[in-house]
Amino acid sequence: MSDKCLVIGEAREGTLRNVSFEAIAAAQKLQSDGEIIGVICGNTDLENQAKEMIYYGADRVITLKHENLEAYTSEGYGQALLKVIKDENPSGIVMGHTSVGKDLTPKLASKLDSGLVSDVVDLELDNGKAVFTRPIYSGKAFEKKIITSGLTFITIRPNNIPALERDESRSGGISTKEIDIAGIRTVIKDVIRKAAEGVDLSEANVIVAGGRGVKSEEGFKPLYELAEVLGGAVGASRGACDAEYCDYSLQIGQTGKVVTPDLYIAVGISGAIQHLAGMSNSKVIVAINKDPEANIFNIADYGIVGDLFEIIPLLIEEVKKIKQ
Ligand SMILES: Cc1cc2nc3c(=O)[nH]c(=O)nc-3n(C[C@H](O)[C@H](O)[C@H](O)COP(=O)(O)OP(=O)(O)OC[C@H]3O[C@@H](n4cnc5c(N)ncnc54)[C@H](O)[C@@H]3O)c2cc1C
């Protein structure tokens, strides 16, 4: 086995997602003396994305350009990445635990006959051996895993392992690999994003999430305003999505997105176990609810008992004052 670690970068609308840089930091921890190789798939000019990976700590980057890599399909990306993995023969592979990462990495691991430690939130070295921490039972407990043999293949949860400092003076090789992608059975004609523009929910540092207590689509407007002044994103409980106050792409929880922002403001959300599964590992949780017995207060660091329609405008006003 080599001492190379491959980091699979992931872009959205031409920009690499932060988790790609966090994955480089994880790879560096795994192999401080080894070579960190970034890999990016796409069908546009990937030079700038490749440079970003180098600024964030990759030693070199391989770009894979093909018309079948324009939009993600597990077949296209799977074929392209397997070729690079076989050529480079790395001892480690790191990717973000995003929807693409969750779909792609088990397929790659099975083709490589390897194990996979998914959804890693922390990693440390114990006598040179990597120990991975990952949440289990919907975030109610954590387990520690080590890989005893073979490839170290992991996915990391966004927002948990800090990226290295961006350094534009770093340099490294960028190469484009010729790849042959054949026998594709899935063709993506168009991608229509339902998610709101702005900060990506799964990578946001601040999330203002609304529940059924917000009462209407109109009621979400002040939440968007608060999110905007805080530089964050809006999320929702399933209750709010089911009631059609917002799109399901905003749903956080067991059957929605799992998020770990620095600040999570739960507004009019009761705190059902399925919701907590998606946000309980947030660093600071603020709950706003008119019911002092609401379960959300059991996990909140700060609780505000009261009517959200009175509290949110006050918060917006105060944040604006601080920012002036
Ligand atoms: C298999 C399964 C999977 C699920 N997956 C998810 C999931 O991924 N995510 C998820 O969120 N849920 C999920 N659920 C649903 C979950 O069980 C709850 O039904 C849902 O989270 C409730 O949403 P809510 O807290 O917004 O609504 P409610 O439970 O109705 O709570 C509304 C809250 O708003 C407060 N409120 C009302 N008016 C105001 C006001 N003016 N000011 C302040 N507070 C106010 C109320 O006191 C109440 O606490 C799942 C359920 C199942 C069975």
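Heavy atoms only: backbone and side chains are in, while hydrogens, waters and symmetry mates are out. Each residue takes its place number in the sequence, starting with 1. Just so you know, ligand 1 is whichever comes first in the structure, and atom 1 is the first atom listed for that ligand.
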Kindly identify the option in [options] whose heavy atom sits closest to [atom].
| atom | options | result |
| --- | --- | --- |
| atom 28 (P) of ligand 1 | G211, G235, S270, A294 | S270 |
| atom 42 (N) of ligand 1 | I311, L308, V258 | L308 |
| atom 35 (C) of ligand 1 | N289, I296, D242 | N289 |
| atom 43 (C) of ligand 1 | Q251, R212, K290 | K290 |
| atom 34 (O) of ligand 1 | G268, A277, G271, G256 | G268 |

Quick check on contacts: which atoms of ligand 1 are under 4.0 angstrom from a heavy atom of [X]?
| X | value |
| --- | --- |
| G213 | 32 (C), 34 (O), 36 (N), 37 (C), 38 (N), 39 (C) |
| D307 | 40 (C), 41 (N), 42 (N) |
| G306 | 42 (N), 43 (C) |
| Q254 | 7 (C), 8 (O) |
| K215 | 37 (C), 38 (N), 39 (C), 41 (N) |
| A272 | 16 (C), 17 (O), 18 (C), 21 (O) |

Under the criterion side-chain hydrogen bond (donor to acceptor under 3.5 Å, both in side chains), I'd like the reasoning laid out for D242 against Y248: C-alpha separation, chi angles, the key distance, then a yes or no. CA-CA 8 Å; D242 284 345; Y248 279 103; 2.4 Å; yes
In E35, E88, Q31, the residue satisfying side-chain hydrogen bond (donor to acceptor under 3.5 Å, both in side chains) with K4 is E88
Begin from the C-alpha positions of R17 and S202 and carry the test side-chain hydrogen bond (donor to acceptor under 3.5 Å, both in side chains) through to its verdict. CA-CA 10 Å; R17 301 183 64 168; S202 46; 3.0 Å; yes
Would T255 and Q274 count as a side-chain hydrogen bond (donor to acceptor under 3.5 Å, both in side chains) if you check the C-alpha gap in whole Å, the side-chain angles of each, and the deciding distance to 0.1 Å? CA-CA 8 Å; T255 44; Q274 296 89 351; over 6 Å; no
Test item, I252 contacting ligand 1 (heavy atom, 4.0 angstrom):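 Per 4.0 Å heavy-atom rule, I252 contacts ligand 1.
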Does the side chain of D119 come within less than 4.5 Å of P135's, by heavy atoms? yes
Mind running side-chain hydrogen bond (donor to acceptor under 3.5 Å, both in side chains) on R157 and T260 for me, showing each step along the way? CA-CA 8 Å; R157 186 182 283 200; T260 34; 5.1 Å; no
Could you tell me how the ring of Y56 sits relative to the ring of F21: parallel (under 30°), tilted (30 to 60°) or perpendicular (over 60°)? parallel
